[in-house]
Amino acid sequence: MTHSDHLEACWQRWRERLEAYLDRLLPAANAPPKKLHAAMRYAAIGAGKRYRAALVYATGTSLGASEESLDAAAGAIELIHAFSLIHDDLPAMDDDDLRRGKPTCHKAFGEATAILAGDALQTIAFEAIAAELVPQIAPARRLQMLHVLARTVGSQGLAGGQAIDLDLVSKTATCETLATMHNMKTGALILAAVQLGALTATDDQEPLQHLVRYAQPLGLAFQVVDDILDGTSDTATLGKTAGVDRALGKPTFLSVLGEGAARQYAEKQGRQAIAALEAVTFDTSLLEALARFTLRRSH
Ligand code: GRG
C-alpha cells in the first residue's frame, strides 16, 4: 500500500468518526430553539473534506494518541471552520449562495439565524476541549489547547485575517501581503489543527516546534491551491461558487502571480513543509502524504 492509499483509508475512517462525534456533540435538531439547532447541524455535519480534522488525527496518531482521544480536538477545529464559513458567506462578507454543494446557511435559515449558528458553533468548539477530552489530559495541557484555539480565532488570527481580506477588495497586493493575510486566516486554523493534535498526544514541546515549521508552509500551500481552484475550476466540482475572488475584486495568488508561478509557489511551500518533518523522530508518513494531497487536491 502506498503512503497515499494509506492516508486515504485512514481519512475515510477519520471522516466517519468525526461525523458521528459531531452528531453526538451538537444539540438535537428538535431541541429548542429548533431553528438554531437545525442551522448549526446543517452547517457543521455531513459535508466538507474534513482536511483540518485529518490533520489533527494524522498528527496526534503519529505521536501515539488514540483516535478516540483526538475526536474532541478534531471536532473543535472543524466547528471553528464551519463557523468561519457561515460568517464568510454572509451578505456583509462575501455574500455567497452556495457552500459544500448546498445553499449557504443564511440562504437556508435567514441571516439572523446563520449569525447565531456561527456564534454557537464557536462556543461548542471551546466546550469540547474544556469538557469532552479524555480525562488523562491534564488541566494544564487543556488550558494550553484552549489558549491556542482562542488565539487562532481572534484578531491576530481568523478575524484579523478576514479584516485584512475585506480591506483588500478592489486593491492591488503583493505576494507578501497575501501571505501575511492568509497566514492569519487559512494558515492559523491549519496550524492550530496540528498543534491540538500534538497537544492531545504529548506534553513534550519539542516536536511541537518542528510541527509549526511543517504547518505554516502547509497552510500557505493550501490557500494558494484554493486561489488557483477558485479561478480555474467550476462550481459543480468545488461545491461553492467558482470565480468569486475575481468577481469580488480580491487580489489572489493567482491574480498576482499567474497560474504557473502560483503553482510553483505552492509546490515550494509543500517542499518546505515536508523538509520540516526531517527533524522529527516519529513516523511522519501520514503528514507527508497530507502535504502531497494538499498540492494535488481538486476541490
Ligand atoms: C473567526 C471571529 C471569526 C470570525 C469569522 C469569516 C471569518 C472570520 C474568517 C473567514 C475564514 C475563511 C472562510 C477562510 C477561508 C478558508 C478556506 C480556504 C476555506 C475552504 O476550506 P476547505 O476547502 O472547505 O477545507 P471544506 O468545505 O472542504 O471544509
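Atoms within a ligand are numbered from 1 in the order they appear, just like the ligands themselves.
Listed by atom number, the atoms of ligand 1 under 4.0 Å from Val153 heavy atoms are 1 (C), 2 (C). Every atom of ligand 1 is numbered from 1 in the order shown, and the set under 4.0 Å from a heavy atom of Asp226 is 18 (C). Of all the atoms in ligand 1, the ones that sit under 4.0 Å from a non-hydrogen atom of Gln223 are 18 (C). The Gly48 neighbourhood of ligand 1 comprises atoms 26 (P), 27 (O), 28 (O), 29 (O), with distances under 4.0 Å to a heavy atom of that residue. Every atom of ligand 1 with a heavy atom of Leu158 under 4.0 Å away is listed here by number and element: 1 (C), 11 (C).
When each of Arg99, Lys250, Lys240 is checked for a salt bridge (Lys or Arg N to Asp or Glu O under 4.0 Å) with Asp94, only Lys250 meets the rule.
Residue nearest to atom 15 (C) of ligand 1, selected from His182, Met184, Lys185, Arg297: Lys185 (by heavy-atom distance). Counting only non-hydrogen atoms, the option in Lys49, Arg52, Glu78 that gets closest to atom 21 (O) of ligand 1 is Arg52.
If you look at His81 next to ligand 1, the close heavy atoms, those under 4.0 Å, all belong to the side chain. With a 4.0 Å cut-off on non-hydrogen atoms, Arg100 touches ligand 1 through its side chain and not its backbone. Contacts between Asp88 and ligand 1 below 4.0 angstrom, taking non-hydrogen atoms only, involve backbone and side chain alike. Counting heavy atoms closer than 4.0 Å to ligand 1, residue Gln122 contributes nothing at all. Contacts of Thr186 with ligand 1, taken as heavy-atom pairs under 4.0 Å, involve the side chain alone.
Not close to ligand 1: Arg50, with no non-hydrogen atom less than 4.0 angstrom away.
Residue Lys240 places no N or O, backbone or side chain, under 3.5 Å from any N or O of ligand 1. At under 3.5 Å, not a single nitrogen or oxygen of Arg99, backbone or side chain, sits near a nitrogen or oxygen of ligand 1.
Both Phe126 and Met40 are members of a single hydrophobic cluster when ILVMFWY side chains are connected at heavy-atom separations under 4.5 Å.
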